[in-house]
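Encoded as structure tokens, the structure appears first; notes follow it.
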Number of protein chains: 2
Amino acid sequence: MKQAHHPATEDVALEEVLSALGDPVRLGLARLLADGRERGWGQLAAPVAKSTLSHHLRVLRDAGVTRTRQEGTRCFVVLRRADLDARFPGLLAAVLEAAEAHDAGAGVGLRGTGPA
Amino acid sequence: MKQAHHPATEDVALEEVLSALGDPVRLGLARLLADGRERGWGQLAAPVAKSTLSHHLRVLRDAGVTRTRQEGTRCFVVLRRADLDARFPGLLAAVLEAAEAHDAGAGVGLRGTGPA
DNA sequence: TTCGATGTTTGACGAACATCGAACAAGTTA
DNA sequence: TAACTTGTTCGATGTTCGTCAAACATCGAA
């Protein structure tokens with residue numbers, strides 16, 4: 001559990017962001033984080049094994065879509081909305097709105113705290 | 001060279017569009033077509049073999065990003081801007097603007113008619 | 001009909017990807 | 001110290017992807 005690497009805002013690449021969000025699980029994760037609130041790793045519920053979930057979170061992180069914070073032995077994930085909006089104005093909003101409107105990236109939800 | 005299949009506007013999937021545009025060559029092609037003008041297949045110049053170019057154009061077509069029209073033995077490609085905008089408002093504009101701003105998808109250009 | 005131009009399809013290849021279970025590392029708690 | 005919790009990393013597997021060359025199909029021209 002070493003400190004994860006995050007690309008600087010100016011190093012975020014469009015192709016990477018697009019292909020990162022081009023996966024159903026990752027799009028679902030982004031959609032889950034769309035409200036800007038930070039979520040605990042354990043709250044995230046995706047229809048994949050935890051090692052796979054870890055992989056997807058890494059792809060999102062490496063692409064610059066999310067930021068992971070570590071607190072003790074647990075992690076918290078948050079969308080880098082401001083950074084993305086600074087670099088690609090309107091992109092994230094359009095993607096998230098489209099995902100919401102068409103229920104894309106389904107299968108990803110919250111655990112414990114219940115839906116909503 | 002049989003008539004290619006195009007998805008109906010309501011069948012266009014967000015994940016497919018995003019991952020279609022997540023490739024440098026395809027993003028470059030989309031960027032090239034961003035002005036809405038129709039281009040001849042032969043005008044498209046990408047740093048790949050023609051079979052590969054054909055493949056990429058098919059991915060874009062299958063994802064609903066472009067439309068291919070056939071005239072005799074040659075093809076013309078155009079961006080399905082209105083369709084995409086109807087289904088995912090603002091998405092294509094944000095992607096193309098971001099690509100333009102950061103010169104993403106480079107290596108794709110025009111042949112014959114010269115740049116511009 | 002024969003030739004040439006234009007894309008598409010096929011077959012093959014290595015690289016990248018999504019996925020899993022198991023082993024591991026780092027904190028927290030008993 | 002000894003568990004236990006929480007994610008990450010590793011190794012393996014099967015799939016998809018990007019790429020090319022070559023063969024093919026189709027249309028127009030000679």
Side-chain angles (χ1 to χ4, degrees), chain A residues 1-6 13 15-30 38-63 65-78 105 107-108 110-112, chain B residues 1-6 13 15-30 38-63 65-78 105-108 110-113:
Chain A
M1 278 221 287
K2 68 165 165 290
Q3 197 53 19
H5 164 254
H6 295 84
E15 291 96 330
E16 271 186 70
V17 171
L18 292 178
S19 61
L21 295 176
D23 177 89
V25 173
R26 294 193 292 258
L27 183 57
L29 289 168
E38 192 179 56
R39 310 284 183 177
W41 207 104
Q43 290 187 325
L44 307 176
V48 292
K50 69 172 185 171
S51 55
T52 305
L53 180 55
S54 181
H55 161 69
H56 284 307
L57 285 172
R58 171 139 82 130
V59 173
L60 287 172
R61 197 172 56 221
D62 289 351
V65 177
T66 61
R67 187 182 300 283
T68 297
R69 181 174 64 84
Q70 207 170 333
E71 189 172 300
T73 176
R74 67 186 74 175
C75 299
F76 295 90
V77 188
V78 67
V108 179
L110 282 177
R111 195 195 327 254
Chain B
M1 277 223 289
K2 67 165 166 289
Q3 195 54 18
H5 164 254
H6 295 83
E15 289 97 329
E16 272 186 70
V17 172
L18 292 178
S19 60
L21 295 176
D23 177 89
V25 173
R26 293 193 293 260
L27 183 57
L29 289 168
E38 193 179 56
R39 310 284 182 179
W41 208 102
Q43 291 186 324
L44 308 175
V48 292
K50 68 172 185 171
S51 55
T52 304
L53 180 56
S54 182
H55 161 68
H56 284 307
L57 285 171
R58 171 140 81 132
V59 173
L60 287 172
R61 196 171 57 220
D62 289 351
V65 177
T66 61
R67 187 180 300 282
T68 297
R69 183 173 63 85
Q70 205 169 334
E71 189 172 300
T73 176
R74 66 187 74 176
C75 298
F76 295 90
V77 188
V78 68
V108 179
L110 282 177
R111 193 194 330 252
T113 55

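Per chain, numbering begins at 1; letters A, B, ... match sequence-line order.
Counting only distance, with no hydrogens or angles, the side chain of B/Arg111 and the backbone of B/Ala45 share no donor-acceptor pair below 3.5 Å.
Rounded to an integer number of Å, the gap from A/Arg74 CZ to C/dT29 C1' is 12 Å. Computed from coordinates, the B/Lys50 NZ to D/dC24 P distance equals 14 Å when rounded to whole Å. Rounded to whole Å, the distance from CZ on A/Phe76 to P on C/dG27 is 15 Å. Between B/Leu53 atom CG and C/dT6 atom P the separation is 14 Å, expressed in whole Å. If you take CD of A/Gln70 and P of C/dG27, they are 8 Å apart, rounded to a whole angstrom. Rounding to whole angstrom units, CG of residue B/Leu29 and C1' of D/dG18 are separated by 14 Å. Counting to the nearest Å, the C1' atom of C/dC17 and the CD atom of A/Glu16 are 14 Å from each other. For the pair A/Leu21 CG and C/dA18 P, the interatomic distance rounds to 12 Å; values are reported in whole Å.
Across every strand in view, D/dA30 sits in a pair with C/dT1 that passes the Watson-Crick or G-U test at under 3.5 angstrom. Checking D/dT16 for Watson-Crick or G-U wobble geometry (two distances, each under 3.5 Å) identifies C/dA15 as its partner.
Within 4.0 Å (heavy atoms only), A/His55 reaches at least one base atom of the nucleic acid.
Residues B/Arg69 and B/Val78 fail the side-chain proximity criterion, which asks for heavy atoms closer than 4.5 Å. Side-chain atoms of A/Val77 and A/Leu60, non-hydrogen and from C-beta on, never get closer than 4.5 Å to each other. Side-chain contact between B/Thr68 and B/His6 is present, with at least one heavy-atom pair separated by less than 4.5 Å.
Nearest to the side chain of B/Arg58, among D/dT6, C/dT9, C/dC20, sits C/dT9. With distances taken from any side-chain atom of A/Cys75 to the nucleotides D/dT8, C/dA18, C/dT19, the minimum falls on D/dT8. Candidate nucleotides C/dT9, C/dC20, C/dT19 were compared by shortest atom distance to the side chain of A/Ser51, and C/dC20 ranks first. The side chain of B/Ser54 lies closest to C/dT8, out of D/dT9, C/dT8, C/dT19.
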B/Leu18 and A/Val17: CA distance, side-chain angles, deciding distance, side chain to side chain contact (heavy atoms under 4.5 Å, CB included) verdict = CA-CA 9 Å; B/Leu18 292 178; A/Val17 171; over 6 Å; no
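Dashed line: the shortest gap from a side-chain N or O of B/Trp41 to OP1 or OP2 of C/dT8 is under 4.0 Å. At the phosphate of C/dA5, neither OP1 nor OP2 sits under 4.0 Å from any side-chain N or O atom of B/Thr73. At C/dA18, one or more side-chain N or O atoms of A/Arg26 fall inside 4.0 Å of OP1 or OP2 (strictly under the cut-off).
Each of A/Asp23 and A/Glu71 was matched to the nucleotide of DNA chain C holding its nearest heavy atom; the match closer to the 5' end belongs to A/Asp23.
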